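First comes the structure, then the notes that go with it.
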Amino acid sequence: MTRIWLDELGRHVGEEVEVGGWVFNFRSSGKIHFIQLRDGTARVQAVCAEDNVSDDVFARCDGLALESSVRVVGAVREDARAPGGVELVVKDLEILSAALEFPIQKKEHGVDFLLDRRHLWLRSPRQEAVLKVRSAVERAIADFFDGRGFVRVDAPILTPTSPEGTTTLFQTDYFGEPAFLSQSGQLYMEAAAAAFGKVYCAGPTFRAEKSKTRRHVMEFWMIEPEVAFLDHEGNISLAEDLVSAIVSGVLARRRAELDVLERDVAALERVKPPFPRVTYDEAHKLLAAKGYDFPWGGDLGGDEQTALAEEYDTPFFVEKFPVSAKAFYMKRCEDDARLTYSIDVFAPEGYGEIVGGSCREEDLDKLIENVAAHKLPPEPLEWYLDLRRYGAVPMAGFGLGLGRTVMWICGLKHIREAIPFPRMLNRFYP
RNA sequence: UCCUCAGUAGCUCAAUUGGCAGAGCAUCCGGCUGUUAACCGGAGGGUUGCAGGUUCGAGUCCUGCCUGAGGAGCCA
């Protein structure tokens, strides 16, 4: 007899099968036991009645500790009383490993308790749903770029410098020389785009920011496309197409999981290009009219983002940020040197920024000026400046935060649940 | 780094003006042949985060520290 996965059970009604799994709940009425099993593909109930099995098997089923691992042989039967409509009638059960008292119970727990047991918390239905959505997001991203002829190029994680200043870098030792964990793969993607035209990377990035908000972690995955000959308008199209493809991919494959998460699916079904656009100037005026008094030239704070998001019920763009708010490599607008060809995408419902990007400065002299103005050491950036010495072209791209995107799509209160093993301020166990 | 809040049984939380430290769940024992976070009966379970102080008396008030949470700045 071959072992099947629990999600295949419905195709074997009337047959005898073998399954393996973990006991996520156990109930008993004395002479009939209900063993609820999960194996990662589905959750199914096994029934063990005293009349139908040997005394030996019945005794083994009695009082199974939660999260014990078992192998079960039984007959598949349709029964309206079973959750899901299909159940397994136990013929034989082998306990592979009897679990100790499982610390995570069916009722509520605090955040601290759960995060200390993240390795076990992953087994809970909500966590399973979130991480399956995350997997679907990653697949949608890969499909999207693959379908458009992009080459995936992996950026290094150990780097000699950073594109965005050095104050928030994790430093380590590289055989006697300082090295930093990557904050972004973008500079490397520009080199790759000059080789392959359309590229993207997807990998972990690190920021040693002592941030404690629902949208920050120290280690997060970022998806960074970079395209040669792409202009500001093209960059906007690419971003809204990508975000829309991600959402429709999840809606196509993970409805059941969104249901578990009690996500308002109607809000996701509205996500279609084109997204509304507002310039930084317009946003600044709009916020001033609402009573937010922040200086022109600064970035949008959390309160400002929230106030702006109230205006839209879909993702939206803020474009053309001031030079003072953005990184050294961003290209200035031709009609206004105070502004850059930059874009941010904000998710609706208060989830904040999920994308940040720009056109890149392709002029060598202007780039050298910017490096100096940002007080960055030029030596480690020599290779990057080389890209302007050997066939510079207009180029644009952006970074999409994977965790924030998953958080928004799942409707989570905190980004930590969108990540299998989150690295947070003062917490990197387990 | 700054601001605010919290820490009591394994977990989630109560405890009136400073006056006997309690409940639900979990665990263990018993009951129940269709349970759906099963239910019913019983039992065990406490250095009230740590150190000091005020008081006849502190979970409760005061001081310091530790840990965590929410937020700000910064960002995806």
Side-chain angles (χ1 to χ4, degrees), chain A residues 24-36 43-53 58 62-63 65-66 77 79-85 87 89 100-117 124-125 162-165 167-168 183-186 202 204-224 239 243 294 298-306 321 325-327 343-347 351-357 398-408 413-416 418-419 424-427:
Chain A
F24 75 89
N25 202 3
F26 176 87
R27 303 188 194 95
S28 176
S29 299
K31 301 231 169 54
I32 181 166
H33 304 313
F34 299 93
I35 303 153
Q36 295 191 286
R43 290 170 188 255
V44 167
Q45 166 174 289
V47 186
C48 179
E50 193 176 32
D51 294 348
N52 301 339
V53 294
F58 189 73
D62 193 7
L66 299 193
R77 177 172 78 185
D79 192 314
R81 294 169 296 186
E87 65 184 12
V89 181
L100 301 177
E101 184 186 338
F102 198 63
I104 297 174
Q105 301 169 9
K106 286 169 277 183
K107 299 218 172 172
E108 59 205 300
H109 289 289
V111 173
D112 187 35
F113 181 85
L114 289 169
L115 285 172
D116 279 343
R117 292 157 186 80
S124 304
S162 98
E164 329 212 336
T167 53
T168 59
Q183 283 187 313
S184 162
Q186 187 222 307
T205 54
F206 308 85
R207 307 261 167 110
E209 295 162 357
K210 296 206 168 178
S211 304
K212 277 189 66 175
T213 80
R214 70 190 65 205
R215 305 199 334 276
H216 284 88
V217 280
M218 306 301 112
E219 175 183 316
F220 61 96
W221 276 54
M222 193 148 64
I223 316 304
E224 296 178 280
V243 171
F294 75 100
D299 214 337
L300 270 56
D303 287 350
E304 285 89 27
Q305 291 184 18
T306 306
F321 285 81
K326 290 294 173 185
I343 58 169
D344 277 7
V345 174
F346 291 85
Y351 284 98
E353 186 181 358
I354 56 172
V355 166
F398 56 84
L400 174 134
L402 182 63
R404 286 186 180 177
T405 302
V406 172
M407 174 190 177
W408 159 54
K413 293 190 299 288
H414 199 295
I415 193 171
R416 62 190 163 216
I419 298 166
M424 303 166 64
L425 193 61
N426 301 331
R427 187 192 292 281

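Predicted model, so just to flag it, every value in this text is computed and none were measured. The chains referred to below are lettered A, B, ... by the order of the sequence lines, with proteins before strands, and numbering in each begins at 1.
- Contact annotation: A:H414 side-chain N/O to B:rA69 OP1/OP2 distance is not under 4.0 Å.
- Legend: residues meeting side chain to side chain contact (heavy atoms under 4.5 Å, CB included) with A:A239, ordered by chain and number and at least two apart, are A:F317, A:I343, A:V345, A:F398.
- B:rG49 sits 13 Å from B:rA6 when the P atoms are compared, rounded to a whole Å.
- Contact annotation for A:V89: no contact, since no heavy-atom pair falls under 4.0 Å across all strands.
- In this pair, A:H33 and A:F58 present their aromatic rings parallel. The plane angle is below 30°, not in the 30 to 60° band.
- Nucleotides B:rU60 and B:rG52 place their P atoms 14 Å apart, quoted to the nearest Å.
- B:rC50 and B:rG46 have their P atoms separated by 15 Å, given to the nearest Å.
- Here the shortest heavy-atom pairing between A:A418 and A:M407 reads CB-N, 3.9 Å.
- Using a 4.0 Å heavy-atom distance criterion, A:H216 is classed as a base contact.
- Going from atom CG of A:D116 over to atom P of B:rU12 covers 11 Å, rounded to whole Å.
- As a whole-Å value, the separation of A:E209 CD from B:rA72 P is 13 Å.
- You'll find a donor-acceptor pair under 3.5 Å spanning the side chain of A:S211 and the base of B:rG73, going by distance alone.
- One distance of note links CD of A:E304 with CZ of A:F346; it measures 10.0 Å at 0.5 Å rounding.
- Taking CE of A:M218 as the start and NZ of A:K210 as the end, the distance is 10.0 Å to the nearest 0.5 Å.
- If you take atom P in B:rC25 and the same atom in B:rA43, they sit 14 Å apart, rounded to whole Å.
- Of the inter-residue distances, the one linking A:E101 atom CD with A:L66 atom CG reads 9.0 Å to the nearest 0.5 angstrom.
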Treat primed atoms plus P, OP1 and OP2 as sugar-phosphate and everything else as base, then score nucleotides 22-34 of chain B 5' to 3': B for base contact with protein heavy atoms under 4.0 Å, S for sugar-phosphate contact only, - for none.
---BSS----BBB
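- Side-chain proximity of A:K212 to B:rC75, B:rA69, B:rG73: nearest is B:rA69.
- Within 4.0 Å of A:R215, counting heavy atoms only, lies at least one base atom of the nucleic acid.
- For A:D299, counting side-chain heavy atoms from C-beta on, the closest listed nucleotide (B:rC75, B:rA69, B:rA76) is B:rC75.
- With respect to A:E209, the side chain to side chain contact (heavy atoms under 4.5 Å, CB included) criterion is satisfied by exactly one of A:T168, A:L425, A:V217: A:T168.
- Here A:R117 lies out of heavy-atom contact (under 4.0 Å) with every strand.
- With rounding to the nearest 0.5 Å, the separation of CG in A:D344 from CG in A:L300 is 8.0 Å.
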Criterion salt bridge (Lys or Arg N to Asp or Glu O under 4.0 Å) on A:D116 and A:R427, from CA distance to verdict:
CA-CA 9 Å; A:D116 279 343; A:R427 187 192 292 281; 2.9 Å; yes
How would RNA chain B look in dot-bracket form, 5' to 3', counting Watson-Crick and G-U wobble pairs with both distances under 3.5 Å and writing | for bases paired to another strand?
(((((((..((((.....[..)))).(((((.......))))).....(((((..]....))))))))))))....
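- Atom-to-atom distance recorded for A:R27:CZ and A:I35:CD1 is 12.0 Å, nearest 0.5 angstrom.
- Contact check, A:R427 against B:rU67: no side-chain N or O comes under 4.0 Å of OP1 or OP2.
- Remark: P of B:rA37 and CD1 of A:I104 are 19 Å apart, rounded to the nearest angstrom.
- Look at CD on A:E304: it is 10 Å from P on B:rA72, rounded to the nearest Å.
- When distances run from any side-chain atom of A:E353 to the nucleotides B:rA37, B:rA76, B:rG70, the shortest one goes to B:rA76.
- Within 4.0 Å (heavy atoms only), A:Q305 reaches at least one base atom of the nucleic acid.
- The gap from the P atom of B:rC5 to that of B:rG42 amounts to 42 Å, rounded to the nearest Å.
- Rounded to an integer number of Å, the gap from A:K210 NZ to B:rG68 P is 12 Å.
- Across all strands shown, A:G403 has no heavy atoms under 4.0 Å from either base or sugar-phosphate atoms.
- Rounded to whole Å, the separation between the P atoms of B:rU54 and B:rG7 comes to 25 Å.
- Between B:rA72 and B:rG64, the distance separating the two C1' atoms is 26 Å to the nearest Å.
- Comparing A:A325 and A:V111 against RNA chain B, the residue whose closest nucleotide sits nearer the 5' end is A:V111.
- Panel note: side chain A:R404, backbone A:R215; a donor-acceptor pair is recorded below 3.5 Å.
- Using atom C1' as the reference point in both B:rU67 and B:rU48, the two lie 16 Å apart (nearest Å).
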